[in-house]
Amino acid sequence: MVVTGIQSLNDDVLSLIVTQLSQRDAAQLMRTSRALKGQARRRVLSSSKVTAPSQILRFYKFLVEEDDGYRLQCLQKLTIYRSNLPINEPAGGYPPLLAHILRQARSLHTLVVSSTEDHLQNNPVIGDAIAGLRNLQELHLYDVAGEAIRLCGRLTCEPRVVHLAARCSAARPSYGVDRAAFCALPMFQSASVVSLCDFALTREDPLSLDTPTKWPATHTLRLKNVDPIALAAVCPNLSHLQIAFCWHADDAHVAYPYDGHYPYSALAQELTTQIRVLDTFVDNEESMLDHTISSTIQGTHPVVLSTQFGYGDTSLWSSIAEVLRQPGSRTRYLDVLMHDEAEKGQQWLVSLWHFVAFRLTNGRCCRTSAFLSYRNAIFSVFVCVWSISLATPYPLATGRTWTRDPKMSSRAKTGRSSERQRPVSLRKRCRPSSILPLLAVLWLKTTLRRAVVFSVDARNGGACWRVGRMMQW
């Protein structure tokens, strides 16, 4: 009888299995398994972090001079930091050593560089080495300015994931770039996931969304303090848009984002993009972004809208409700993120939940979800049930929902109206008549998941609700 085990698998399959381990676990496996030592060693050497210039000399000796360069061929992800502490740099400086590592790392597919501008200034060899990396699949550049933008224009790789964070501060909260030239960078043509932070797109005269180049491969766009309408217009196949607005502060300056920073929001009606998910996030109460957020919702036509409760901002929610009630609205799911601020979440539930639910039940089909704080979930249940019952034209305690008579559409065409409606029994997943099972499920959810989701499903003037698992924002 032939005994087979994991050793019978070929090297490629074993490598795929070992890559699912963390580097710490792979190091333990390398010490305990002789059969998997080679695969585990490659996994340990696949990702490295180095701080320049203090660690470059030792890093160069470890990868290049020792072990006949085998370690360098295993390198797949490299993260480069920079330290300005007074240290003894290697003879001739660190750029030639770092450039040699980048040129010889043929298996490198992920590169992360912090303080990119500092590395590139007066060091053209580093920029040339990065530009020559043809097999990069992910490129993350932080502290981007003029030199880094010029480097992006001469890259020879076609990365699938691109992340650029501009050099900024509270005194200068964004870095200005020309919109047409920025969108024409070759690396964006093949990127399926694009993340941009703190870029100010120069305003064109006259203001227009037309650009000679598009990003056809981009389906996920993540923006932080960047005009969403200006870049959503260049992504014809966009499906997921995440926008975040964050403030900058130091000892002397404080900068909050506001509507005036994003002029392209005025052209939201010209945008024809239809996405599946729109995530919005604002990290403070001082930013005035009602027009930017509502215009983005109007221009991108999302099916799922995920946003915060807005700290009780009535004007923001009134504008969102008006946009969702428009005839061209495609929004069917509204996810409201409430964080762990229990008191503010309860205030939002009391003051605005009934308003939003009532406006949505009078509009098109829409499902509203509220992410509740697990510490006060029980209190929020009663507030939710109370507010939902107010927004529903028929009592939820009957265990039934209501739909309009199918004959109403034909009668409406002839000019006659009918108020006759027929009750339809709900399925097992929607039985609001029993509150005790709901509380039991709620307790279980708060114990195991630490969060719950309440949903209002408004269809044809009726409503039902459910308890579900929390989605990650």
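In this text, all values refer to a predicted model and were calculated from it rather than measured experimentally.
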Asks: Identify the heavy atoms of C183 and T213 that sit nearest to each other, and give their distance.
Replies: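 Reported closest heavy-atom pair: O-OG1, 3.4 Å.
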Asks: Are the aromatic ring centres of Y94 and Y60 under 6.0 angstrom apart?
Replies: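 For Y94 and Y60, the ring centres are not under 6.0 Å apart.
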Asks: Does E286 offer a backbone N or O that forms a donor-acceptor pair with the side chain of Y258 under 3.5 Å?
Replies: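 Not confirmed, Y258 side chain does not pair with E286 backbone.
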Asks: Side chain of Q104, backbone of H100: donor and acceptor closer than 3.5 Å?
Replies: no
Asks: Might you point out which heavy atoms bring E117 and A148 nearest each other, and give the distance in Å?
Replies: OE1-N, 3.3 Å
Asks: If we ignore hydrogens and angles and just use 3.5 Å, is the side chain of H291 paired with the main-chain N or O of L289 as donor and acceptor?
Replies: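 Such a contact is absent between H291 side chain and L289 backbone.
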Asks: Just wondering, more than 12 heavy atoms not from Q269 lying within 6.0 Å of its CD?
Replies: no
Asks: Identify whether the distance between the nearest side-chain nitrogen and carboxylate oxygen of R103 and D128 falls below 4.0 Å.
Replies: no
Asks: Return yes if some donor-acceptor pair links the side-chain N/O of S287 with the main-chain N/O of P257 below 3.5 Å, else return no.
Replies: yes
Asks: Mind checking whether H140 and Y142 have parallel, tilted or perpendicular rings, split at 30° and 60°?
Replies: parallel
Asks: So which of R71, K61, R58 actually passes salt bridge (charged side-chain N to carboxylate O under 4.0 Å, His left out) with E66?
Replies: R71
Asks: Tell me whether K77 at atom NZ has more than 12 heavy atoms from other residues, nucleotides or ligands lying less than 6.0 Å away.
Replies: no
Asks: Does a side-chain heavy-atom distance below 4.5 Å link L231 with F199?
Replies: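 L231 vs F199: side chains apart.
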Asks: Any cation-pi pair here, R179 with Y264, using under 6.0 Å and within 45°?
Replies: yes
Asks: Answer yes or no: is there a side-chain heavy-atom contact under 4.5 Å between H240 and R276?
Replies: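 H240 vs R276: side chains apart.
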Asks: Applying the side chain to side chain contact (heavy atoms under 4.5 Å, CB included) criterion to F59, which one of L78, I80, V64 satisfies it?
Replies: L78
Asks: Between the side chains of R43 and S46, is a donor N or O closer than 3.5 angstrom to an acceptor N or O?
Replies: yes
Asks: Taking atom CG as the centre, does N10 end up with more than 12 heavy-atom neighbours from other residues, nucleotides or ligands that are less than 6.0 angstrom away?
Replies: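 Check passes, neighbour count above 12.
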Asks: With a 4.5 Å cut-off on side-chain heavy atoms, are P159 and E138 touching?
Replies: no
Asks: Dump the intermediate steps for side-chain contact (heavy atoms from CB on, under 4.5 Å) on V113 and R82, then the final yes or no.
Replies: CA-CA 9 Å; V113 184; R82 180 173 175 84; over 6 Å; no
Asks: Is any side-chain N of the basic residue among K224 and D283 closer than 4.0 Å to the acidic one's carboxylate O?
Replies: no
